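Below, chains carry the letters A, B, ... as their sequence lines are ordered, and counting in each starts from 1. Just so it is clear, the structure is predicted and the values come from calculations on it, not from any experiment.
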Number of protein chains: 2
Amino acid sequence: MNELEPEHLKSAGLKSTLPRLKVLDLFKNGQERHMSAEDVYQLLRESGDNVGLATVYRVLTQFEQAGLLVRHNFEGGKSVFELNEGTHHDHIVCMQCGHVEEFYDSAIESRQKKIAAELGFTIHEHSLQIYGDCTKTKCPHRR
Amino acid sequence: MNELEPEHLKSAGLKSTLPRLKVLDLFKNGQERHMSAEDVYQLLRESGDNVGLATVYRVLTQFEQAGLLVRHNFEGGKSVFELNEGTHHDHIVCMQCGHVEEFYDSAIESRQKKIAAELGFTIHEHSLQIYGDCTKTKCPHRR
DNA sequence: AATGCAAATGAGAATGATTATCGTTCGCGG
DNA sequence: CCGCGAACGATAATCATTCTCATTTGCATT
Ligand SMILES: [Mn+2]
Ligand SMILES: [Mn+2]
Ligand SMILES: [Zn+2]
Ligand SMILES: [Zn+2]
């Protein structure tokens with residue numbers, strides 16, 4: 001576990017509480033980049049912290065609204081969060097092992113803008129995920 | 001209500017039952033192209049048919065597996081289905097009035113293939129939705 | 001047209017993710 | 001150190017979807 005940073009919370013208009021610091025630390029210094037509420041809850045629990053699952057859900061939503069985290073809805077029914085580092089990107093997810101790669105493609109981005117304009121829409125956001133099989137040697141799909 | 005078509009079900013390997021015929025008819029001759037299970041359930045109920053919600057869910061999933069329908073996961077937490085007419089397309093959804101437009105962009109499609117290849121993935125499917133505000137005159141966002 | 005039976009249905013219970021409630025605890029200004 | 005509203009934790013509630021199981025139905029066969 002590393003240093004906790006109350007500044008980030010204060011500057012986001014959130015008061016610095018223990019659960020919030022733990023969650024933020026997990027995203028900043030943990031090993032998983034994309035985590036669900038349950039993931040966060042289990043990891044905190046494993047590290048000996050007693051946080052309520054409801055608090056995890058509350059904090060994740062607050063962090064999303066404060067712009068600290070970004071929420072994604074991959075297949076599987078549960079929301080996944082990651083640190084908001086300012087730069088937008090999309091995801092390609094392995095359906096076998098869950099491995100996630102990130103990508104950004106300016107051609108895709110600009111085509112989307114053009115399409116929305118042609119159809120008379122003002123874009124607020126978009127969601128793009130590619131699902132497939134990865135080629136990591138430990139990935140179970142390579143039986 | 002129109003003619004029911006048991007042939008489509010038989011050719012899909014599904015026996016022709018009343019609930020299945022009603023659901024298929026809704027998608028073929030109804031006014032809404034994209035419908036959730038609850039939408040289908042309500043519409044059937046309003047037309048005087050007594051189908052169980054569980055049956056609607058079962059039938060929608062069966063139709064999806066049989067290739068008669070395609071399932072989409074737009075924001076909002078509920079699955080949306082539409083008739084599978086063979087041609088893939090993506091969607092742009094109005095966050096104010098729910099209006100949905102469909103589009104297909106070969107540039108986006110080919111970029112996705114290239115990206116997946118570069119990252120060592122074999123694509124199974126992808127999900128792309130653009131969310132924004134439409135410009136329909138009756139759309140509430142134009143206050 | 002009557003019979004038989006596996007498949008399908010419908011009502012309601014169960015599930016999984018997420019949110020709401022509420023009494024207790026905590027962070028922080030005074 | 002105090003006080004109080006914000007935040008917490010446990011748990012009940014909600015929502016979409018799936019499961020269970022007794023009853024009904026499609027359909028092939030008498
Ligand atoms: Mn990411
Ligand atoms: Mn469509
Ligand atoms: Zn993999
Ligand atoms: Zn609209």
J.: Rounded to the nearest angstrom, tell me the gap between atom CG in A/D39 and atom C1' in C/dT18.
T.: 15 Å
J.: Round to the nearest Å and state the distance from B/K22 atom NZ to C/dT9 atom C1'.
T.: 12 Å
J.: Look at atom NZ of A/K28 and say whether more than 12 heavy atoms of other residues, nucleotides or ligands are closer to it than 6.0 Å.
T.: yes
J.: State which of C/dG27, C/dA11, D/dG9 makes the closest approach to the side chain of B/A54.
T.: C/dA11
J.: Side chain of A/K15 only, heavy atoms from C-beta on: which candidate in C/dT9, C/dG27, D/dG9 is closest?
T.: C/dG27
J.: Calculate the interatomic distance between A/E38 atom CD and C/dT18 atom P; express it in whole Å.
T.: 9 Å
J.: Is B/V93 isolated, or which residues cluster with it under the ILVMFWY side-chain rule of less than 4.5 Å, directly or via members?
T.: B/F74, B/V80, B/M95, B/V100, B/Y131
J.: Please tell me which of the listed nucleotides, D/dA10, D/dT17, C/dA11, lies nearest to the side chain of B/S79?
T.: D/dT17
J.: If you look at every strand shown and take non-hydrogen atoms under 4.0 Å, does A/R58 touch a base, only sugar-phosphate, or nothing?
T.: base
J.: Given the side-chain rings of A/H99 and A/H34, with only the six-membered ring counted for Trp, is the space between their centroids under 6.0 Å?
T.: no
J.: Hey, which sits more toward the 5' end of DNA chain D by its nearest nucleotide, B/A37 or A/V59?
T.: A/V59
J.: CD of B/Q42 versus P of D/dC15: gap in Å, rounded?
T.: 14 Å
J.: Grab the CD-C1' distance between A/Q62 and C/dT18 for me, whole Å please.
T.: 15 Å
J.: Quick one: is B/Y57 getting a side-chain N or O under 4.0 Å of the D/dT17 phosphate, OP1 or OP2?
T.: yes
J.: With nearest nucleotides of DNA chain D determined for B/S16 and B/R71 from heavy-atom distances, which residue corresponds to the more 5′ nucleotide?
T.: B/R71
J.: Whole Å only: how far is the CG atom of B/L60 from the P atom of C/dT9?
T.: 12 Å
J.: Atom CG of A/D25 and atom CZ of A/R20: how far apart are they, to the nearest 0.5 Å?
T.: 16.0 Å
J.: Taking only N and O in the side chain of B/T17, is any of them less than 4.0 Å away from OP1 or OP2 of C/dT9?
T.: yes
J.: What bend angle does the helix from C/dA1-D/dT30 to C/dG30-D/dC1 show across its length, from five-pair end axes and to the nearest 10 degrees?
T.: 20°
J.: The side chain of B/L53 is closest to which nucleotide in this list: C/dA11, D/dT17, D/dC8?
T.: D/dT17
J.: OG of A/S79 to CZ of A/R71: how many Å apart, nearest 0.5 Å?
T.: 4.0 Å
J.: Let's go through B/E85 and B/R33 carefully: what are the C-alpha distance in whole Å and the side-chain angles of both, what is the deciding distance for salt bridge (Lys or Arg N to Asp or Glu O under 4.0 Å) to 0.1 Å, and is it a yes or a no?
T.: CA-CA 12 Å; B/E85 303 183 310; B/R33 170 159 182 78; 3.3 Å; yes
J.: When the distance from CZ of B/R20 to P of C/dA8 is rounded to whole Å, what number comes out?
T.: 5 Å
J.: Within the 4.0 Å heavy-atom criterion, would you say A/S36 contacts the bases, only the backbone, or no part of the nucleic acid?
T.: nothing
J.: Please check if the side chain of B/D90 supplies one atom and the backbone of B/F103 the other of a donor-acceptor pair under 3.5 Å.
T.: no
J.: When the distance from CG of B/D49 to C1' of C/dG10 is rounded to whole Å, what number comes out?
T.: 14 Å
J.: Aromatic rings A/H89 and A/H72: how do their planes relate, parallel, tilted or perpendicular, breaks at 30° and 60°?
T.: tilted
J.: Please determine, for the side chain of B/T55, which listed nucleotide (D/dA10, C/dT9, D/dA7) has the closest atom?
T.: C/dT9
